[in-house]
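Notes follow once the structure below has been shown.
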Number of protein chains: 2
Amino acid sequence: MSLRYALLALLRVGPLSGYELQKLFSESVGHVWHAPDSQIYPELRRMEADGLLLAEEQTRGVHGRRRMYHVTEEGARAFSDWFDEPLEYSRVRDPAHLRAAYLESAEPRAAREFLDAHVRQHTELRNRWQSEIDRIRSGAHPMVERRLAAIPEAERGRAVAFKVFAYEGLMERATAEIRWAERGLRLLDDLG
Amino acid sequence: MSLRYALLALLRVGPLSGYELQKLFSESVGHVWHAPDSQIYPELRRMEADGLLLAEEQTRGVHGRRRMYHVTEEGARAFSDWFDEPLEYSRVRDPAHLRAAYLESAEPRAAREFLDAHVRQHTELRNRWQSEIDRIRSGAHPMVERRLAAIPEAERGRAVAFKVFAYEGLMERATAEIRWAERGLRLLDDLG
DNA sequence: CTAAACATGTAAAGCGTTACATGATTCG
DNA sequence: CGAATCATGTAACGCTTTACATGTTTAG
């Protein structure tokens with residue numbers, strides 16, 4: 001059910017077609033909520049049916065068509081209501097830490113490979129988040145710039161600070177994972 | 001598909017009934033892979049059908065019955081093969097950081113409540129992981145003790161070190177979340 | 001005898017993944 | 001004219017959640 005809020009977050013800045021949305025999605029909110037296009041298109045239809053969006057049918061060339069989605073008042077309300085609901089922190093489902101929980105059963109070679117891959121994965125993520133932060137600060141982040149253009153100038157500094165803060169959360173998490181996995185590698189060095 | 005490996009992890013230490021498994025599950029591997037009983041019972045049946053488990057039908061009293069599940073050789077192999085597969089790190093789906101990504105749009109009051117709840121949630125988790133670590137080190141953790149009893153004495157120190165290491169990963173993550181959310185609260189103090 | 005614990009599921013609905021399927025337009 | 005990009009979906013399958021459903025045994 002979070003998918004629709006992720007979509008609303010992008011659309012509230014301005015109307016987008018399913019295709020544009022999908023492209024922007026994967027390089028912004030997709031960082032924290034993955035969804036393939038085959039999930040996005042039907043969800044947009046459902047949101048339209050639920051009155052959160054209004055679709056404006058456009059033509060492109062002679063036979064081309066596209067649907068520009070606009071957020072309705074009800075959609076804007078749904079987005080802001082979402083912030084007031086307490087978040088549910090129930091179901092954990094973490095393949096990496098599931099595996100880590102039984103590392104003592106694995107061959108040292110397999111354990112090492114797992115931890116190496118974990119370090120690689122999170123190093124890559126950390127670099128990605130760092131470059132997102134750089135892009136936000138330097139005014140080169142397309143989705144953030146769209147958002148900033150839609151709010152009064154006086155509020156932009158605050159908005160940038162919070163966007164950076166959000167990515168810092170991902171950075172710190174990645175850093176914690178790297179530190180932990182590196183300690184695991186040292187454990188393997190010591191205990192085999 | 002990870003559920004079956006979580007179940008195998010518990011069963012490989014010794015046979016258990018669905019009920020016992022479900023109880024042990026929620027206080028051990030359930031910390032990293034949530035599953036309700038309504039998912040566990042059918043999955044055990046499927047694993048039996050796939051040859052990973054063998055069910056021993058027992059009676060309890062006059063009309064009571066239960067099924068004790070034993071890991072087959074094929075099941076043991078499946079568990080150890082699982083460690084050799086590279087882990088897939090694709091789909092992220094993180095409600096808390098999704099919300100955090102749009103914190104600038106929220107009312108300061110709602111943002112504060114969200115961050116407070118985040119701190120509370122992860123403080124509670126951190127305490128839980130710390131007490132798990134204490135229980136492991138003091139020999140009071142039931143599932144870990146079962147596991148230790150099944151391996152040679154010489155390997156037990158190593159196994160304990162790795163179990164502690166696994167929980168430390170959860171601890172560090174919780175700590176990172178707390179630090180981050182507290183910085184967010186200070187941001188709110190400064191910027192409103 | 002009653003409550004708690006033991007014991008095992010089914011059903012429906014929703015969410016998510018993967019594969020498939022199709023066609024138009026624009027740029028070089 | 002061919003490739004890249006624009007554009008929008010459907011279908012089948014599997015996983016997960018929530019709610020429902022039922023009965024036995026044991027301890028006090």
Side-chain angles (χ1 to χ4, degrees), chain A residues 1-7 10-11 15-27 29-30 32-50 53 55-69 87-95 98 142, chain B residues 1-7 10-11 15-27 29-30 32-50 53 55-69 87-95 98 142:
Chain A
M1 217 43 182
S2 287
L3 175 57
R4 58 176 55 193
Y5 302 108
L7 295 172
L10 299 190
L11 283 169
L16 290 167
S17 70
Y19 183 79
E20 290 172 315
L21 189 56
Q22 183 230 110
K23 292 288 157 198
L24 287 171
F25 192 92
S26 62
E27 61 185 65
V29 66
V32 286
W33 196 273
H34 166 80
D37 19 337
S38 65
Q39 208 188 343
I40 291 176
Y41 284 114
E43 182 63 19
L44 288 170
R45 289 285 185 165
R46 250 173 274 134
M47 290 165 75
E48 189 190 355
D50 291 346
L53 301 180
E56 171 198 352
E57 302 258 6
Q58 291 185 342
T59 50
R60 245 179 38 108
V62 186
H63 297 290
R65 74 207 160 93
R66 66 173 190 172
R67 300 166 61 81
M68 292 297 282
Y69 287 100
L87 204 78
E88 275 177 60
Y89 283 98
S90 36
R91 47 224 137 106
V92 195
R93 211 159 275 125
D94 185 333
L98 171 58
Chain B
M1 217 41 184
S2 288
L3 175 56
R4 56 176 57 193
Y5 301 107
L7 295 171
L10 298 190
L11 283 169
L16 291 166
S17 70
Y19 184 79
E20 291 172 315
L21 188 56
Q22 183 230 111
K23 291 288 156 195
L24 287 170
F25 191 93
S26 62
E27 60 184 65
V29 66
V32 286
W33 196 273
H34 167 80
D37 20 336
S38 65
Q39 208 188 343
I40 291 175
Y41 285 115
E43 182 64 19
L44 289 170
R45 289 284 185 166
R46 250 173 274 134
M47 290 165 76
E48 189 189 356
D50 293 346
L53 301 180
E56 172 198 352
E57 302 258 6
Q58 289 185 344
T59 50
R60 245 177 41 107
V62 185
H63 296 289
R65 77 209 156 91
R66 66 173 191 173
R67 300 167 60 81
M68 292 296 282
Y69 287 100
L87 204 79
E88 275 177 60
Y89 283 98
S90 35
R91 45 221 139 107
V92 195
R93 210 160 275 124
D94 184 333
L98 171 59

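Scope of the values below: all heavy atoms of this structure, side chains included, with no hydrogens, waters or symmetry mates. Throughout, protein chains are lettered first and strands after them, A, B, ... in sequence-line order, and every chain is numbered starting at 1.
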**Message:** Using 0.5 Å steps for rounding, measure from the CG atom of L10(B) to the CD1 atom of I40(B).
**Reply:** 8.5 Å
**Request:** Could you tell me whether the phosphate oxygens of dA7(D), OP1 or OP2, come under 4.0 Å of any side-chain nitrogen or oxygen in R66(A)?
**Result:** yes
**Message:** Could you tell me how far apart M1(B) (CE) and dG14(D) (C1') are, to the nearest whole angstrom?
**Reply:** 10 Å
Determine all donor-acceptor pairs shorter than 3.5 Å in which one atom belongs to a side chain in residues 56-64 of chain B; sequence neighbours excluded.
| from | atom 1 | to | atom 2 | distance (Å) |
| --- | --- | --- | --- | --- |
| E56(B) | OE1 | H70(B) | NE2 | 2.5 |
| E56(B) | OE2 | Q58(B) | NE2 | 3.2 |
| E57(B) | OE2 | R67(B) | NH1 | 2.5 |
| Q58(B) | OE1 | R66(B) | NE | 3.1 |
| Q58(B) | OE1 | R66(B) | NH2 | 3.4 |

**Prompt:** How close or far is atom P of dC6(D) from atom CD of Q58(A), stated in whole angstroms?
**Reply:** 15 Å
**Request:** Take atom CD of Q39(A) and atom P of dT8(D), then tell me their distance rounded to the nearest Å.
**Result:** 17 Å
**Message:** For E43(B) and R46(B): C-alpha separation, side-chain torsions, deciding distance, then whether salt bridge (Lys or Arg N to Asp or Glu O under 4.0 Å) applies.
**Reply:** CA-CA 5 Å; E43(B) 182 64 19; R46(B) 250 173 274 134; 2.5 Å; yes
**Request:** To the nearest Å, give me how far apart CZ (R45(A)) and C1' (dA7(D)) are.
**Result:** 12 Å
**Listed partners of Y5(A) passing ring-ring contact (aromatic ring centres under 6.0 Å, His included), at least two apart** = W82(A)
**Message:** For a quick test of reading the model: is some side-chain N or O of Y41(A) closer than 4.0 Å to OP1 or OP2 of dT8(D)?
**Reply:** yes
**Request:** Using atom CD of Q22(A) as one end and atom P of dT5(D) as the other, report the distance to the nearest whole Å.
**Result:** 13 Å
**Request:** Tell me, please, the opening and closing nucleotides of DNA chain C, 5' to 3', among those with an atom under 4.0 angstrom from a non-hydrogen atom of chain A.
**Result:** dC15(C) to dT25(C)
**Request:** With DNA chain D as reference, determine whether P42(A) or R60(A) sits nearer its 5' end, using the nearest nucleotide of each.
**Result:** R60(A)
**Item:** Distance, rounded to the nearest Å, where H63(B) contributes NE2 and dT22(D) contributes P
**Value:** 19 Å
**Request:** Find which nucleotide of DNA chain C each of G18(B) and R93(B) is nearest to by heavy atoms, and output the residue with the more 5' nucleotide.
**Result:** G18(B)
**Request:** Taking the side chain as every heavy atom from C-beta outward, state whether M47(B) and Y69(B) have any atom pair closer than 4.5 Å.
**Result:** no
**Asked** Toward the 5' end of DNA chain C, which comes first, G61(A) or E20(B), by nearest nucleotide?
**Response** E20(B)
**Asked** Tell me: NE2 of H34(B) to C1' of dT17(D), nearest whole Å?
**Response** 8 Å
**Prompt:** So, E27(B) side chain and L24(B) main chain: donor-acceptor pair closer than 3.5 Å or not?
**Reply:** no
**Request:** Starting from C1' on dT16(D), measure out to CZ on R4(B) and report it in whole angstrom.
**Result:** 15 Å
**Message:** With heavy-atom distances below 4.5 Å as the criterion, would you say the side chains of Y89(B) and P95(A) are in contact?
**Reply:** no
